[in-house]
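Because only heavy atoms are used, hydrogens play no part in the values below, and waters and symmetry mates are left out as well, while side chains stay in. Protein chains get the first letters and strands the later ones, always in sequence-line order, with residue 1 at the start of each. Predicted model only: the values in this text are computed from it and were never measured.
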There are 2 protein chains.
Amino acid sequence: MTMPAPPPPVTSVTRQLSRRSVFEALLHRSPISRADLAKVTGLSKQTMSEVVDAFGQQGLVRQVGRTSGNVGRTAVLYELSPEGGHVLGIDLGARRLTVALADIAGRVLAEADEPTDSRGGAWALDQIARLSDRLARDNHTHPSRIRSIVLATPGVVNPKSGAIEMAPNITGLGHLNVVGLLGEKLGSPVVIENDINLALLGEIWHGCAQNVANVAFLALGSGIGLGLFTNGQLVRGENGAAGEIGYLPIGGDPLQAASRLQGCLEYQVGATGVLRRYREAGGSEVESVMQVFERAQVGDPIAAQVIEETARLIGLAAAAVIAMVDPQLIVLGGSVGARPDFADQVARVLLQLSPRPVEIRTSTLGRRAGVVGALSVALSRLHDAFFGVAELAAALPLPPPAHRSARQ
Amino acid sequence: MTMPAPPPPVTSVTRQLSRRSVFEALLHRSPISRADLAKVTGLSKQTMSEVVDAFGQQGLVRQVGRTSGNVGRTAVLYELSPEGGHVLGIDLGARRLTVALADIAGRVLAEADEPTDSRGGAWALDQIARLSDRLARDNHTHPSRIRSIVLATPGVVNPKSGAIEMAPNITGLGHLNVVGLLGEKLGSPVVIENDINLALLGEIWHGCAQNVANVAFLALGSGIGLGLFTNGQLVRGENGAAGEIGYLPIGGDPLQAASRLQGCLEYQVGATGVLRRYREAGGSEVESVMQVFERAQVGDPIAAQVIEETARLIGLAAAAVIAMVDPQLIVLGGSVGARPDFADQVARVLLQLSPRPVEIRTSTLGRRAGVVGALSVALSRLHDAFFGVAELAAALPLPPPAHRSARQ
DNA sequence: TATTTATTCGGTCTATTGACGAATTAATTT
DNA sequence: AAATTAATTCGTCAATAGACCGAATAAATA
């Protein structure tokens with residue numbers, strides 16, 4: 001068994017670029033010969049051989065056979081080796097914990113889930129460690145091979161510190177240094193990101209929002225939240241609180257106490273809000289929003305009315321998103337939002353509202369979206385660690401504002 | 001007089017990087033010796049000399065004296081030469097046309113403005129060409145030295161084609177190929193961008209939003225508009241229509257005919273909306289929003305009430321922006337928005353609304369913001385043309401979603 | 001035999017290193 | 001005070017290493 005690949009030794013910028021484009025080509029045209037790699041990347045065959053040899057020694061690529069049938073000498077085919085590294089995606093929800101394992105090529109090797117330990121906090125972290133460990137061992141991967149871990153969690157994640165600042169649904173998570181603790185338990189760097197943001201990235205990677213540069217993900221479940229992707233980038237906001245659209249001043253008096261505390265929109269369309277509205281409208285006793293939908297389907301007019309109103313408010317929120325960031329697509333997700341019937345209602349509302357309506361789709365990954373998005377981020381972090389060209393990414397900064405102007 | 005620098009001959013990626021960092025150092029530490037450049041950039045003295053010599057031959061840098069007083073041999077000091085290239089920023093407003101000229105180092109050389117030719121369309125373009133030409137010649141710069149031009153205009157600018165798709169305030173501009181016509185008249189590449197977006201960039205470059213990665217610019221004048229800057233990038237949206245917050249479903253019934261057409265929020269807080277509300281509330285005859293403000297200042301209670309309501313709605317819009325993109329700062333601009341008294345009112349409203357209020361500032365550049373922003377974009381486009389590392393900027397894409405998963 | 005793959009061998013470009021001369025200030029001697 | 005020497009810094013030269021490409025060559029196969 002090869003050792004885990006050592007941190008790539010310092011190579012010059014240009015070699016790093018070559019390595020990077022070769023890796024990319026390997027990623028996309030999996031079994032491929034060196035000659036073809038040279039054609040695809042535009043590098044010379046010699047450079048190609050050097051890079052592939054280096055990758056081979058690092059354990060990043062492996063041979064997978066030879067070409068045959070073509071005129072001429074046969075070529076050795078290469079692909080990315082699973083030995084190159086593994087990544088872990090974790091979705092820590094209030095109810096359910098999901099963990100997924102993938103190799104460096106993005107092949108999902110395994111996925112597992114359990115009910116979240118209701119004691120929360122440190123217990124949940126232990127549970128994550130246990131489940132991750134099991135997943136790795138069951139797939140013939142030593143946990144030490146895992147190089148990058150991303151955790152999806154509800155709440156606001158500070159983009160600078162990586163700390164969880166508001167985790168309303170999981171008790172005692174806000175007070176823990178999750179990055180540190182989990183990183184220690186699992187033995188590799190952990191990054192935390194908001195679950196809705198990751199669900200959005202999941203849909204972009206493997207779901208219904210592929211190849212779209214401007215998408216919004218509107219999640220409606222027990223609460224409401226938004227993920228924004230513009231210019232091919234996730235919008236986190238200064239404090240990681242972008243997308244907290246529960247606080248949109250829509251659907252009620254924003255100065256009301258309940259609105260200020262819980263958020264004006266969330267007060268209406270959050271699960272408790274929907275139930276409250278149903279109750280206040282004279283509906284019979286129910287325990288979950290799902291039940292309200294069931295009632296509506298069997299002809300309860302009050303339930304239908306409550307749902308219609310919910311769709312109207314979500315339509316307004318979608319219109320606000322459209323007015324503000326002009327997405328190409330809005331994905332509806334979450335336990336309520338992902339219902340096709342509900343999405344239809346929202347789309348109808350939007351049609352009446354917006355001068356140029358935007359396509360609406362329902363999440364195709366459903367509750368897997370978060371964990372898939374976590375994998376995608378873990379993966380791209382791993383790739384960046386290997387092949388990132390950090391200093392190049394920076395845009396050419398403009399001259400300093402302190403400059404004296406000729407006339408002002 | 002040296003010839004305008006030729007398009008930089010194809011150099012290798014690594015040399016291009018060196019050139020780039022040397023240029024950057026020159027930009028920021030204006031008069032600097034080669035030895036210091038070497039220290040700052042980390043390049044060797046030898047490479048330094050090669051690059052500086054090349055720059056000198058291109059006319060990009062020039063000598064500006066020698067050091068003295070220090071121990072050791074004196075050093076020749078260099079700075080960016082104005083011969084290196086000039087850029088033009090143009091703000092084509094409905095009322096006023098402003099043009100500014102800067103050199104490659106970002107030094108603003110001159111600025112001029114005139115009332116916009118009211119016949120609009122082709123006449124306005126002619127006017128731009130005339131004014132630009134005069135500005136260049138008055139500053140001993142042949143128009144052919146201008147290498148990059150950015151035009152600020154109201155309306156939606158398609159980010160892909162660069163065409164103006166909705167220019168409500170300037171007649172006949174939407175039907176013209178402005179990029180082509182103006183580029184031909186002025187002899188260098190023209191880029192068009194929405195005026196509010198450019199005002200935002202202006203405030204970020206030289207105004208009140210320096211060194212902030214997440215800002216929103218809320219412009220309130222005859223209409224209302226928003227500029228968004230997140231992760232250090234401008235948010236344009238899929239069709240360039242990001243920030244069209246006149247259509248936010250705030251301040252009225254969004255299903256009303258007037259709301260659908262003009263935008264729900266704009267119907268209330270746009271200039272005509274403010275005047276209508278003042279009239280409907282029984283106010284005496286006025287012609288402009290400014291007059292309403294004047295009335296309020298001399299004690300007209302109806303005017304004060306109308307303005308208070310306007311501030312309330314802008315506060316709601318700001319709250320929506322905060323909920324959605326979590327900026328660090330909101331800049332108020334436009335003829336109405338830039339009034340400090342009005343901004344104070346908005347800030348007060350926001351304090352009551354938002355769980356974590358965001359700092360609010362008024363534009364410091366005022367009506368110059370657009371043209372300054374245009375300059376900043378023209379400048380960074382010029383820099384990119386010289387020193388951009390286009391192919392490197394692309395992020396490492398994730399593996400294709402078509403990959404088969406082990407379990408799904 | 002024609003074709004394709006892979007390797008080897010120069011040649012070019014870029015950047016670094018160390019040595020060196022040139023220019024200037026500081027210190028010391030006459 | 002003037003002259004000489006030392007120290008320091010700037011910029012160039014020459015040699016070298018890393019990386020890339022193109023051409024030539026060997027190998028393998030329809």
*Any idea which heavy atoms bring A/Gln58 and A/Phe386 closest together, and the distance?*
NE2-CE2, 4.3 Å

*Which of the following nucleotides, D/dT29, C/dT5, D/dC10, is nearest to the side chain of A/Thr74?*
D/dT29

_Whether B/Thr14 contacts C/dT14 is assessed here as follows: a side-chain N or O lying under 4.0 Å from the phosphate OP1 or OP2. Is that the case?_
no

*Of the listed nucleotides C/dT7, D/dG11, C/dT25, the one nearest the side chain of A/Arg34*: C/dT7

*Closest nucleotide of DNA chain D for B/Gly72 versus for B/Tyr78: which of these residues is on the 5' side?*
B/Gly72

*What is the nucleic acid contact for B/Ser68, judged by heavy atoms within less than 4.0 Å: base, sugar-phosphate only, or nothing?*
nothing

_Rounded distance in Å - NZ (A/Lys45) to C1' (C/dT4)_ = 8 Å

_Nearest to side-chain heavy atoms of B/Gln46, which nucleotide of D/dC21, D/dC13, C/dA6_ = D/dC13

*Closest to the A/Ala75 side chain, choosing from D/dT12, C/dT5, D/dA23*: C/dT5

*Please report, rounded to the nearest Å, how far the P atom of D/dA19 is from the CZ atom of B/Arg15.*
17 Å

*Got a second to check how far B/Ser33's OG is from B/Asn70's CG, nearest 0.5 Å?*
9.5 Å

*Roughly how many Å is it from CD1 in A/Ile32 to P in C/dT5, rounded to a whole number?*
11 Å

*Rounded off to whole Å, could you give me the CG-to-P distance for the A/Asp53 and C/dT8 pair?*
10 Å

_Closest non-hydrogen atom pair between A/Leu109 and A/Asn139, with its separation_ = O-OD1, 3.7 Å

_Does A/Glu50 contact D/dC20 through a side-chain donor or acceptor facing the base, at a distance under 3.5 Å?_
no

*Above 12 or not: heavy atoms from other molecules or residues under 6.0 Å from CZ of B/Arg66?*
yes

*Whole Å only: how far is the CZ atom of A/Arg19 from the P atom of D/dA19?*
10 Å

*So which heavy atom on B/Ser81 is nearest to which on B/Arg107, and how close?*
C-NH2, 4.4 Å

*Spacing between A/Leu77 atom CG and C/dT5 atom P, to the nearest angstrom*: 11 Å

*Kindly indicate whether the side chain of A/Arg73 and the base of C/dT5 share any N or O donor-acceptor pair separated by less than 3.5 Å?*
yes

*With a 4.0 Å cut-off on heavy atoms, is A/Thr67 in touch with a base, just the backbone sugar-phosphate, or nothing at all?*
nothing

*asked:* Whole angstroms only, please: what is the CD-P distance between B/Gln16 and C/dC13?
replied: 16 Å

*To the nearest Å, how far apart are B/Lys39 NZ and D/dT8 C1'?*
11 Å

_Can you see if the side chain of B/Ser18 gets near the phosphate of C/dA15 - specifically, an N or O under 4.0 Å from OP1 or OP2?_
yes

